Amino acid sequence: MGGVSTTDRAERVPKQDRSRATRQRLLEAAVACLAAHGWAGSTVSVVAERAGVSRGAAQHHFPTREDLFTAAVEYVAEERSTALRALFPDGAAAGDRRAVVAALVDLYTGPLFRAALHLWVAASNEEQLRPRVTELESRVGRESHRIAVELLGADETRPGVRETVQGLLDMARGLGLANLLTDDAARRERVVAQWAALLDAELG
């Protein structure tokens, strides 16, 4: 019975590492392209060039354009969720709620949100893309809500608390939209402070 040799294993591990690294570069390049150029300007070839890989290698990992861009937005959303949790590993005390609100708002004012927005607009016109983006948005939305509840220490068994947390996320999305055309930092800071005060009053 032939087994896998030590040499074969040693060769396979670096190959797997290279494959994972290539996939990650493609995902990050796809989000950057989508944020910078929109759906129309973000082809697989453009992404592959930005990632420094061949078009064939890109299609090996992601057979279709839809595969690439939905995976890219999901990947970065997961990375941002992990980073957000890492900011408050033990949850957030009541006094930290302003920091939590600011961190949640930041999720909607960076390149990920811009990329996701282009994907949403494309999905409204692309029948093939719409169900995949709808499903992705649903999952990302649920995860964002879970994180917000945990970090704010919100008790959703109390009437109105779930809607308050969802309202916070909807507000954050609105601030992200306002920030697309102009730097809205000053107004955003005042709104964050007011929402933190409202959450302190509502959540106790």
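Heavy-atom basis, side chains included; hydrogens, waters and symmetry copies ignored. One-based numbering along the sequence shown. All of these numbers come straight from a predicted model, not from anything done at the bench.
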Any heavy-atom pair between the side chains of [Y] and [X] that's under 4.5 Å?
X	Y	value
L119	L129	yes
V100	L104	yes
Q24	Y75	yes

On a heavy-atom basis, which atom in [X] and which in [Y] lie closest, and how many Å separate them?
X	Y	answer
P159	E202	O-OE2, 4.1 Å
R98	V192	O-CG1, 3.9 Å
A71	L27	C-CD2, 3.7 Å
V31	P111	CG1-O, 4.4 Å
A154	V161	CB-CG1, 3.8 Å

Any donor-acceptor pair under 3.5 Å from [X] side chain to [Y] backbone:
X	Y	result
T22	R18	yes
S42	C33	yes
D67	T64	yes

Point-to-point distance, once rounded to the nearest 0.5 Å, from [atom1] of [X] to [atom2] of [Y]:
X	Y	atom1	atom2	value
L203	D155	CG	CG	9.0 Å
F62	L68	CZ	CG	5.5 Å
R162	T157	CZ	OG1	12.5 Å

Can you sort out the partners of [X] under side chain to side chain contact (heavy atoms under 4.5 Å, CB included), two or more places apart, ordered by chain and number?
X	result
S45	T43, R55
E78	E74
R65	W39, V44, F69
A51	R25, L26, A29, V53

With sequence neighbours left out, what residues match Q59 under side-chain hydrogen bond (donor to acceptor under 3.5 Å, both in side chains)? none

Who passes side-chain hydrogen bond (donor to acceptor under 3.5 Å, both in side chains) against S124, sequence neighbours left out? none

Got more than 12 heavy atoms from elsewhere within 6.0 Å of CD, E189? no

Should we count NE2 of H37 as having more than 12 external heavy atoms under 6.0 Å? yes

With a cut-off of 3.5 Å and sequence neighbours excluded, list every side-chain donor-acceptor pair involving residues 167-178.
unit_1: D170; atom_1: OD1; unit_2: Q166; atom_2: NE2; d: 3.2
unit_1: D170; atom_1: OD1; unit_2: R173; atom_2: NH1; d: 3.2

Not counting sequence neighbours, which residues clear salt bridge (charged side-chain N to carboxylate O under 4.0 Å, His left out) with E143? List them please.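 Applying salt bridge (charged side-chain N to carboxylate O under 4.0 Å, His left out) to E143 gives R85, R146.
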
Residues forming a salt bridge (charged side-chain N to carboxylate O under 4.0 Å, His left out) with E49, sequence neighbours excluded: none

Under the side chain to side chain contact (heavy atoms under 4.5 Å, CB included) rule, what do V47 and L34 come out as? Steps first, then yes or no, please. CA-CA 9 Å; V47 172; L34 200 56; over 6 Å; no

Provide the full list of salt bridge (Lys or Arg N to Asp or Glu O under 4.0 Å) pairs with a residue in residues 112-128, sequence neighbours left out, each pair given once. E127-R130

Sorted by first residue and then second, give each salt bridge (Lys or Arg N to Asp or Glu O under 4.0 Å) pair with at least one member in residues 26-36; sequence neighbours left out. none

Within one Ile-Leu-Val-Met-Phe-Trp-Tyr cluster: V73 and V121, side-chain cutoff 4.5 Å: no

Could you note down all residue pairs passing ring-ring contact (aromatic ring centres under 6.0 Å, His included) where residues 117-153 supplies at least one of them, sequence neighbours left out? F113-W120

